[in-house]
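Taking it in order: structure first as structure tokens, then the write-up.
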Amino acid sequence: MYIINPNQHSDREVADVLEKRGVEHSIVIALKHPDQIDLYKRFNPTYCVEKFTEDITEDLCVKCIEDGYRVITPGEYRKARLTNLPELDTHRLPPELVKVSLGLMSASLKECLRIGSMALVCRIVDSGDKILAIGGRNGRLDTAAVILPGFAPDFVDAKVIEIKCAPYDQ
């Protein structure tokens, strides 16, 4: 695992790590800033937009789609959750264990699992397919992880296979 310095250049550091290590899986990226589109386009990713902001607008998403990129918008995800979600077994783990486990994960890794779930629910990837999810915090991407995404909102059915890079906490 590569350790990323959490600063304004972390987007570029993550891209450089992926370039060096190679990419064998479909990539799903949490789109936080328009500059990330050009930075990651060489990997042919799917972009996930969890909510529209001042930087990430609906018009920007439409332009990305017109340019040939796959973009999961908040509306598409909400609609897919209503129609594509299978029956979930919600009683597999005690809630206390889930709460503690989620508390041990970084916010960036949770975002990787969340956008993996978005890609699965929107049928960008098939169930059982590994993906490389890239997420972060504070408007930057700083974590890349190979995961098996799951449908459950608390990630109990998702698996982290490998963390390619992550930030260190100061």
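- The side chain to side chain contact (heavy atoms under 4.5 Å, CB included) test with I161 singles out one residue from I147, L148, I131, and that residue is L148.
- Contact check for F151 versus D157: side-chain heavy atoms found under the 4.5 Å cut-off.
- Using a 4.5 Å cut-off on side-chain heavy atoms (C-beta onward), L132 and S26 make no contact.
- The salt bridge (Lys or Arg N to Asp or Glu O under 4.0 Å) contacts involving residues 6-20 comprise E19-R42, where partners must be two or more places apart or lie in separate chains.
- A pairwise comparison of heavy atoms in R81 and V121 identifies N-CG1, 3.6 Å as the closest pair.
- Taking OG of S10 as the reference point, atom CZ of R140 lies at 5.0 Å (rounded to 0.5 Å).
- When all heavy atoms of G135 and C112 are compared, the pair lying nearest together is N-SG, 3.4 Å.
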Check: Can I56 and K51 be said to form a side-chain contact (heavy atoms from CB on, under 4.5 Å), step by step?
Finding: CA-CA 8 Å; I56 305 299; K51 63 182 177 183; over 6 Å; no
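- The distance from atom CD of Q36 to atom CG of L39, rounded to the nearest 0.5 Å, is 7.5 Å.
- In this structure the side chain of P74 reaches within 4.5 angstrom of the side chain of V49, judged on heavy atoms.
- Among residue pairs with one or both ends in residues 53-62, none qualify as salt bridge (Lys or Arg N to Asp or Glu O under 4.0 Å); sequence neighbours excluded.
- Residues V62 and L31 fall into different hydrophobic clusters, defined by Ile, Leu, Val, Met, Phe, Trp and Tyr side chains chained together at heavy-atom separations under 4.5 Å.
- Qualifying salt bridge (charged side-chain N to carboxylate O under 4.0 Å, His left out) partners for D38, counting only residues two or more places apart in sequence or in other chains: K41.
- Looking at residues two or more places apart in sequence or on another chain, you find a side-chain contact (heavy atoms from CB on, under 4.5 Å) between S108 and S106, R137, D142, T143.
- Salt bridge annotation for K32-E50: absent, with no cationic side-chain nitrogen under 4.0 angstrom from a carboxylate oxygen.
- In terms of the side-chain contact (heavy atoms from CB on, under 4.5 Å) criterion, residue partners of I65 (sequence neighbours excluded) are, by chain and number, V71.
- Scored by the side-chain contact (heavy atoms from CB on, under 4.5 Å) test, S127 finds L120 as partners (sequence neighbours excluded).
- Annotation: ring pair (Phe, Tyr, Trp, His ring centres under 6.0 Å) contacts involving residues 27-65, sequence neighbours excluded, comprise Y47-Y69.
- Between P167 and I3, every side-chain heavy-atom pair lies at or beyond the 4.5 Å cut-off.
- For K164, the salt bridge (charged side-chain N to carboxylate O under 4.0 Å, His left out) criterion is met by E162, not counting sequence neighbours.
- Nearest heavy-atom pair, I115 versus V28, reported as atom, atom and distance to 0.1 Å: CD1-O, 3.4 Å.
- In terms of the side chain to side chain donor-acceptor pair (under 3.5 Å) criterion, K130 has no residue partners (sequence neighbours excluded).
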Check: Taking it one step at a time, do V146 and I163 satisfy side-chain contact (heavy atoms from CB on, under 4.5 Å)?
Finding: CA-CA 6 Å; V146 176; I163 298 174; over 6 Å; no
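- Separation of atoms CD (E76) and SG (C61) is listed at 10.0 Å; rounding is to 0.5 Å.
- Nearest heavy atoms, T57 versus T53: CG2-O, 3.7 Å.
- For the pair I27/N44, no side-chain contact is recorded, criterion being any heavy-atom separation below 4.5 Å from C-beta on.
- Residues passing the side-chain contact (heavy atoms from CB on, under 4.5 Å) test with I124, sequence neighbours excluded: T46, R70, I72, A119, C122.
- When all heavy atoms are compared, the tightest approach of L141 to A30 is CD2-O, 3.2 Å.
- The main-chain N or O of K79 is found under 3.5 Å from a side-chain atom of T83 such that the two form a donor-acceptor pair.
- D67 meets the side chain to side chain donor-acceptor pair (under 3.5 Å) test with K63; sequence neighbours excluded.
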